[in-house]
Amino acid sequence: MLHSLFSWIISFLNHRPNIMKNNVKELIKKALIQWNEQDQLSLTIPDDVHLERTKDASHGDFASNVAMALAKPLKQKPRSIAEAIVKHLPASDLVDKVEIAGPGFINIYLKSDTQHAVVKTVLAEGDQFGHGNQGNGQRVMLEFVSANPTGPLHVGHGRSAAYGAALAQVMSAAGYDVHTEYYVNDAGRQMAILAASIWLRYLAHCGEVFTFPSNGYKGDYVVGMAEALFADVGEDYRMPAAQLFQDLPQDFDEESKTGDKEAHIDAIIAGGKDFLGDRFQAILQRGVKAVLDDIKDDFEGFGVHIDEWFSEESLLHSEALHQTIDRLEKNGYLYEKDGARWFRATDFDDEKDRVVVRSNGTHTYFASDLAYHASKYERGFDQIIDIFGADHHGYVARMEAGVAAMGFDVARLNILLVQFAILFRGKERVQMSTRSGSFVTLRQLREEVGNDAARFFYVMRKCEQHLDFDLELAKSKTNENPVYYIQYAHARVCSVMRQLGEKGLKHDMALGNEGLSSLVEPEEVALLRALSRYPEVIEAAALNHEPHIIANYLRDFANDFHVYYNAHRFLDVPEALRHARINLIIAVRQVLKNGLQLLGVSAPEKM
RNA sequence: GUCUCGGUAGCUCAGCUGGAUAGAGCAAUCCCCUCCUAAGGGAUAGGUCGCAGGUUCGAAUCCUGCCCGGGACGCCA
């Protein structure tokens with residue numbers, strides 16, 4: 001509560017109407033209002049006037065199509081509407097001139113002073129430049145990855161992690177109060193299977209001989225945990241394999257296609273619990289802790305921050321689960337069939353009804369997921385964003401159904417799906433198999449290509465789109481690699497600043513600001529435009545949940561800088577011009593750094 | 001079968017929620033370091049925006065139907 005109030009105050013103080021696009025929009029809106037009043041048009045003024053950056057400089061800086069859009073409701077010619085709007089435009093020191101062009105576009109040219117002023121703004125605001133207040137302090141719950149703690153994160157999780165972390169940063173920059181969370185499935189059957197897997201590897205380590213179950217966790221990390229267990233307890237947990245495997249249901253057999261892997265592993269778990277008693281739970285807990293510690297360490301190395309690790313088990317202890325089921329019951333959406341309790345999801349456009357309590361009395365994962373979502377609502381978030389792997393796409397409808405059935409506002413819930421990343425080594429697709437445990441872990445990927453490249457590549461594309469992740473490209477130190485391309489632009493500015501010092505020159509920022517009007521080269525104008533666009537880019541990325549927009553922007557922006565660098569010199573020019581140009585490139589460096597920071601990529605001073 | 005994401009230059013992708021002449025990077029051809037990092041830049045060439053209808057002043061973008069690919073659909077977790 002206090003925190004929320006605090007962040008609201010901060011965001012209020014931080015609020016500056018520094019988005020050029022919005023300033024111009026306001027002018028048009030005022031013109032519409034004034035015209036509307038004067039001519040009694042009884043026009044409904046749209047909240048958001050459509051305005052866009054022009055592609056072509058001969059169309060000015062901004063263009064609006066309002067005149068064309070209003071042609072129909074007003075039954076007037078677009079061009080005459082445009083003329084009326086232009087006539088009513090309030091005086092502004094931003095605008096140089098306004099033209100009507102083509103079928104009725106209103107083209108707006110900014111004053112060069114206005115364009116130059118962005119440099120001062122960037123220098124004054126520093127790492128806050130680009131931040132806005134679109135979120136107005138709204139509290140946002142952002143849950144992502146939430147992989148079962150049964151093994152190390154793999155490259156698929158990496159994309160969710162990078163995306164979630166970037167989105168959290170971007171939304172924070174846009175004035176949202178973002179809370180990141182990882183839901184830890186530490187209560188289910190999978191955890192028992194992990195415990196059993198560790199125990200079996202431990203037995204093997206003790207010298208017992210048996211066939212490892214097909215449904216157990218086969219990764220090397222399990223063996224490591226078994227060895228650690230042995231080191232701690234010696235042979236205290238040892239049980240003769242012959243005794244354990246006696247009279248068990250057959251495991252599934254590839255050759256004969258007979259047997260039941262689920263029944264087989266369940267029997268092993270039951271046998272383990274019988275023999276070990278409390279010690280089984282102890283194995284389980286050390287297993288969860290070891291895996292979770294590994295995941296936390298992985299995230300930390302990857303620059304991904306999680307505010308809260310939310311334990312599924314805590315829901316069970318708190319009775320939240322029962323409350324959830326009661327809640328559905330009370331609202332009349334539960335019924336009994338085949339000994340199980342079903343949720344009538346079909347009442348809410350889901351394909352079929354879903355089980356919440358199995359016939360054996362245990363709750364399904366869906367049930368605890370609902371309890372978890374109830375908790376999210378009860379904690380009072382304005383927006384709840386779930387980032388799921390695309391393989392969970394089937395859960396969207398039932399989750400929304402469940403939330404609605406519990407009586408919560410579904411409109412506040414936003415489920416985003418992240419597609420898998422397909423790894424390539426050049427042209428070669430990297431084969432992965434979860435079954436055999438031979439998947440590439442996130443850690444391996446980070447070690448191979450580095451954190452910067454990994455973070456950037458993961459968020460280069462829209463999240464619901466397939467991503468081809470080329471390891472060779474991510475490692476290459478050439479202009480094909482967008483990460484290096486952008487970082488190089490940053491390093492180049494730093495290098496110029498070093499040269500400045502080496503030549504015994506002093507930079508004077510105040511003089512630079514005074515002389516900004518001397519920045520008239522086309523490459524400089526292009527950079528000024530790009531700088532003033534940055535806050536708009538953040539706004540778009542935050543509102544659409546699309547950090548890739550920033551990645552694309554930075555690429556283009558770095559290009560603008562490299563062009564400038566090649567065409568002009570900064571140090572060997574008259575002093576006044578030098579100060580102005582240095583101010584410009586410091587602003588460029590600042591924006592590169594700010595943008596990279598949002599994506600979790602470093603901005604090196606030297607390469 | 002149902003749902004979902006995609007199909008834009010030879011390749012990988014942008015395209016700002018309907019705008020003006022379709023945009024980058026790679027690959028191809030040619031060019032630019034006596035100069036702050038060539039990890040850079042310039043030029044040329046490259047297109048039936050999957051196909052067919054529809055909506056309108058205007059469609060790569062929205063709607064419908066097909067075609068082709070990726071993925072998802074359990075009393076699994």
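Sequence lines set the chain letters: A, B, ... in the order given, protein chains first and strands last, and positions in each chain run from 1. For the numbers below, each heavy atom of this structure counts, side chains included, while hydrogens, waters and symmetry mates do not.
- Look at B:rA28: its Watson-Crick or wobble partner, with both distances under 3.5 angstrom, is B:rU44.
- Across all strands shown, A:Phe420 has no heavy atoms under 4.0 Å from either base or sugar-phosphate atoms.
- An OP1 or OP2 oxygen of B:rG41 is reached within less than 4.0 angstrom by a side-chain nitrogen or oxygen of A:Tyr485.
- Here A:Phe348 pairs with A:Tyr333 under the ring pair (Phe, Tyr, Trp, His ring centres under 6.0 Å) rule; sequence neighbours left out.
- Residue A:Asp338 is in base contact, counting any heavy-atom pair closer than 4.0 Å across all strands shown.
- Among the protein residues, A:Thr364 comes within range of no part of the nucleic acid, since none of its heavy atoms lies under 4.0 Å from any strand.
- Shown here, B:rC13 forms a base pair with B:rG23; the pair counts as Watson-Crick or G-U wobble because both key distances fall under 3.5 Å.
- Counting only distance, with no hydrogens or angles, the side chain of A:Arg455 and the backbone of A:Leu599 share a donor-acceptor pair below 3.5 Å.
- A:Lys503 comes within 4.0 angstrom of nothing in the nucleic acid, heavy atoms only.
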Side chain to side chain contact (heavy atoms under 4.5 Å, CB included) between A:Val98 and A:Asn107, worked out: CA-CA 6 Å; A:Val98 183; A:Asn107 290 339; over 6 Å; no
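- Proximity note for A:Glu480 (side chain, C-beta onward) versus B:rC26, B:rC35, B:rC75: the nearest is B:rC26.
- A centroid separation of less than 6.0 Å is found between the aromatic rings of A:Tyr534 and A:Tyr553.
- Across all strands, A:Arg492 comes closer than 4.0 Å only to sugar-phosphate atoms, never to a base (heavy-atom distances).
- Note on A:Asn559: a side-chain N or O is less than 4.0 Å away from OP1 or OP2 of B:rG41.
- Counting non-hydrogen atoms under 4.0 angstrom, A:Lys352 reaches the backbone sugars and phosphates but no base.
- If you take atom P in B:rA45 and the same atom in B:rA24, they sit 13 Å apart, rounded to whole Å.
- Summarising the geometry, the separation between CZ on A:Arg354 and P on B:rC73 is reported as 11 Å, rounded to the nearest angstrom.
- With 3.5 Å as the limit, one finds a donor-acceptor pair spanning the side chains of A:Arg492 and A:His562.
- Comparing B:rC11 with B:rC66, their P atoms sit 28 Å apart, to the nearest whole Å.
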Nucleotides 7-23 of chain B: protein proximity per nucleotide (B base, S sugar-phosphate only, - neither; heavy atom, under 4.0 Å): -----SSSSBB-BBB--
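- Closest approach to the A:His393 side chain among B:rC36, B:rA72, B:rC75 is made by B:rA72 (side chain taken as heavy atoms from C-beta onward).
- Protein atom NZ of A:Lys477 is 12 Å distant from nucleotide atom P of B:rA39, rounded to whole Å.
- Distance check on atom P: B:rA14 versus B:rC5 gives 15 Å, rounded to whole Å.
- For the C1' atom pair drawn from B:rC62 and B:rC49, the interatomic distance equals 16 Å after rounding to whole Å.
- As the counterpart of B:rC49, no nucleotide is assigned, since no Watson-Crick or G-U wobble pattern has both distances under 3.5 Å.
- Pairing for B:rU34 is absent, with no Watson-Crick or G-U wobble pair whose two atom distances lie under 3.5 Å.
- As judged by a 4.0 angstrom heavy-atom cut-off over every strand, A:Ala491 is placed among the base-contacting residues.
- Nucleotides of RNA chain B nearest to A:Leu571 and A:Ile193 differ in position, and the one nearer the 5' end is that of A:Leu571.
- The side chain of A:Lys72 approaches B:rC57 more closely than any other nucleotide in the set B:rC57, B:rG25, B:rC26.
- RNA chain B is contacted by A:Tyr365 of residues 365-372 of chain A, taking any non-hydrogen atom closer than 4.0 Å.
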Test side chain to side chain donor-acceptor pair (under 3.5 Å) on A:Tyr484 and A:Asp452; report intermediate values, then the result. CA-CA 9 Å; A:Tyr484 282 92; A:Asp452 285 343; over 6 Å; no
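- When both distances must be under 3.5 Å, the Watson-Crick or G-U wobble mate of B:rG1 is B:rC73.
- Ring geometry for A:Tyr183 against A:Tyr372 counts as parallel: the plane angle stays under 30°, on a 0 to 90° scale with 60° as the upper cut.
- Stacking is found between A:Phe570 and the pyrimidine-like six-membered ring of the B:rC36 base under the 5.5 Å centre-distance and 30° plane-angle cut-offs.
- With ring centers used as reference points, A:Phe469 lies 6.0 Å or more from A:Phe420.
- Partner of A:Met191 under the side chain to side chain contact (heavy atoms under 4.5 Å, CB included) criterion, chosen from A:Thr150, A:Asn148, A:Asn185: A:Thr150.
- Of the candidate nucleotides B:rA39, B:rC5, B:rC3, B:rA39 has the atom lying nearest to any side-chain atom of A:Tyr484.
- Under a 4.0 Å N-O distance rule, the pair A:Lys506/A:Glu575 does not qualify as a salt bridge.
- Taking 90° from 0 as the syn/anti boundary, the base of B:rU17 is oriented syn.
- Using N1 to N3 plus N6-O4 or O6-N4 for Watson-Crick, or N1-O2 and O6-N3 for G-U wobble, each under 3.5 Å, B:rC62 pairs with B:rG54.
- Between the A:Asp470 side chain and the A:Leu473 main chain, a donor and an acceptor come within less than 3.5 Å of each other.
- In this structure, A:His568 reaches the bases: a heavy-atom distance under 4.0 Å links it to at least one base atom across the strands shown.
- The six-membered or imidazole ring of A:His393 lies away from that of A:Phe388, with a centre-to-centre distance of 6.0 Å or more.
- When both distances must be under 3.5 Å, the Watson-Crick or G-U wobble mate of B:rG6 is B:rC68.
- Glycosidic conformation at B:rC68 (O4'-C1'-N9-C4 for purines, O4'-C1'-N1-C2 for pyrimidines): anti, more than 90° from 0.
- Spacing between atom OH of A:Tyr564 and atom C1' of B:rC36 amounts to 12 Å, rounded to whole angstrom units.
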